[in-house]
Amino acid sequence: MTIREFACEMDRLYPRSLAAEWDMDGLQCSANPAKELRRVLVALDATEDAIDKAVDGGYDLLLTHHPMIFGKAGDIVPERLYGNRIIKLITAGVSAASFHTRFDAGVGGVNDSLASALGFSETETFGDSEMPDGGRIGVLTSSMNAEEFCAFVKEKLHTPYVKLTGGGEVKRVAMLGGAGKDFVMPAKAAGADAIVTGEVSYNAALDFAESGIAVIEAGHYYTEFPACYRLAELVRDIAGAEVEVYAAEPQKTI
């Protein structure tokens, strides 16, 4: 299977119709999309470190959740961050592709992976007007207080911290990986007692807590990284290629 054929199959499984209107993802950089896909590096982000690993390791494709390019890349010259990344990949013959908000919303994607990591085997969807099926809701077998649930989330996601705003008993849980500010009130409307997400703004978290929903911020990286293993499974199932998950955390809590 070629790189382009793999990208087309991913487009079929996770069509652009699932994506937010502003999103830019898919096959973003490829000097030779007709190249046979044999080795894939999966990462959450197309950082310089991930790109260096893909280039040095002789991978054919760097597959990420977050797009390497948001908006216009600008001048493609080494002095520009995007330019340096693009030049490095093309020179080495490594392609770059990503599946972002459509992989958030799609079956088996980011938010199903987050739900699975938290131990929920059955969920329902919720969302906002732009992504009505973006989030997931699961029900705990027994309720916990908010502090107990935070400890549970911290253990399940292997995160060094969680931030809790609000409190109360938690039974019905909304989940949205990454930046979840726009989904907290839809989660409340869907009957959730709490939402697990990567991050929301300070003022928004206070407002949402006062409305009666506990906000658990577990970190953008930790709420989305479980989906990298799902991307790796898709590579194996679709292309039968060798695949490695790059687990470097770009930000650390000191």
Side-chain angles (χ1 to χ4, degrees), residues 18-25 44-47 64-71 81 98 100-105 109-115 117-118 123 125-138 144-154 156-170 172-227 249-254:
L18 293 174
E21 290 183 2
W22 49 262
D23 202 3
M24 290 182 62
D25 64 357
L44 190 66
D45 303 278
T47 60
T64 63
H65 172 51
H66 295 135
M68 181 177 69
I69 302 169
F70 274 112
L81 180 60
S98 62
H100 190 211
T101 52
R102 52 175 146 167
F103 196 57
D104 288 325
V110 168
N111 292 313
D112 281 329
S113 297
L114 174 58
L118 290 173
T123 60
T125 64
F126 78 100
D128 63 4
S129 58
E130 186 175 32
M131 296 181 64
D133 297 320
R136 300 293 184 268
I137 289 181
M144 306 180 191
N145 65 47
E147 289 79 6
E148 291 172 334
F149 183 63
C150 283
F152 172 83
V153 170
K154 185 176 177 181
K156 291 293 186 181
L157 297 185
H158 308 289
T159 177
Y161 70 92
V162 297
K163 185 191 299 182
L164 170 65
T165 309
E169 290 294 303
V170 177
R172 188 170 167 84
V173 179
M175 293 157 281
L176 195 288
K181 181 179 71 171
D182 294 337
F183 287 80
V184 179
M185 289 315 293
K188 174 67 177 175
D193 306 307
I195 183 169
V196 178
T197 188
E199 61 205 9
V200 302
S201 69
Y202 174 77
N203 289 327
L206 292 179
D207 291 343
F208 296 142
E210 288 190 357
S211 77
I213 185 167
V215 180
I216 295 100
E217 297 171 78
H220 203 120
Y221 175 86
Y222 291 99
T223 56
E224 293 191 327
F225 181 72
E249 181 189 355
Q251 297 176 322
K252 300 185 186 302
T253 302
I254 307 299

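Source: prediction; values computed, not measured. The first residue of the sequence shown is numbered 1, and numbering continues consecutively from there.
- Residues that satisfy the salt bridge (Lys or Arg N to Asp or Glu O under 4.0 Å) test with R102, not counting sequence neighbours, are D11, D25.
- Of all the heavy atoms in G177 and T223, the pair that sits closest is CA-OG1, 3.6 Å.
- With hydrogens and angles disregarded, a donor-acceptor distance shorter than 3.5 Å links the side chain of N111 to the backbone of G134.
- Within the 4.5 Å cutoff, the side chain of V170 has no heavy atoms near those of the E148 side chain.
- Across every non-hydrogen atom of F183 and G135, the tightest pair is CE2-N, 4.4 Å.
- The closest side-chain heavy-atom distance from I216 to K163 is not below 4.5 Å.
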Start with the C-alpha distance between V184 and I213, add both sets of side-chain angles, then the distance that settles side chain to side chain contact (heavy atoms under 4.5 Å, CB included), and finish with yes or no. CA-CA 8 Å; V184 179; I213 185 167; 3.8 Å; yes
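- Closest approach of A20 and T101 over heavy atoms only: N-OG1, 2.9 Å.
- For E217 against Y161, the heavy-atom pair with the smallest separation is O-CE1, 4.3 Å.
- In terms of heavy atoms, T159 sits closest to A218 at OG1-O, 3.4 Å.
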Cut-off 3.5 Å, no hydrogens considered: what does the side-chain donor-acceptor table look like for residues 195-210, sequence neighbours left out?
residue : atom : partner : partner atom : Å
T197    : OG1  : L176    : O            : 2.7
T197    : OG1  : G178    : O            : 3.1
T197    : OG1  : G180    : N            : 3.2
E199    : OE2  : H220    : ND1          : 3.0
S201    : OG   : A204    : N            : 3.2

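- Among residues at least two apart or in separate chains, there is no side-chain hydrogen bond (donor to acceptor under 3.5 Å, both in side chains) pair with a member in residues 180-195.
- Between F70 and D23 there is a side-chain heavy-atom pair separated by less than 4.5 Å.
- M185 contributes atom CE, which lies 4.0 Å from atom OG of S211 (distance to the nearest 0.5 angstrom).
- Counting only residues at least two apart or in different chains, side-chain hydrogen bond (donor to acceptor under 3.5 Å, both in side chains) contacts with residues 127-136 comprise D112-R136, T125-D133.
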Given L18 and M131, is the side chain to side chain contact (heavy atoms under 4.5 Å, CB included) satisfied, shown in steps? CA-CA 7 Å; L18 293 174; M131 296 181 64; over 6 Å; no
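- Partners of F225 under the side-chain contact (heavy atoms from CB on, under 4.5 Å) rule, at least two apart in sequence or in another chain, are Y221, C228, Y229, V245, A247.
- The shortest distance between side-chain heavy atoms of L114 and L157 falls below 4.5 Å.
- Looking only at side-chain heavy atoms (C-beta outward), F126 and P132 stay at 4.5 Å or farther from each other.
- Between the side chains of T64 and D45, no donor-acceptor pair of N or O atoms lies under 3.5 Å.
- The shortest heavy-atom contact between M175 and A115 is SD-CA, 3.5 Å.
- With sequence neighbours excluded, the residues satisfying side-chain contact (heavy atoms from CB on, under 4.5 Å) with A227 are F103, V110, S113.
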Are E169 and M144 close enough, and set up right, to give a side chain to side chain contact (heavy atoms under 4.5 Å, CB included), and what steps lead you there? CA-CA 6 Å; E169 290 294 303; M144 306 180 191; 5.7 Å; no
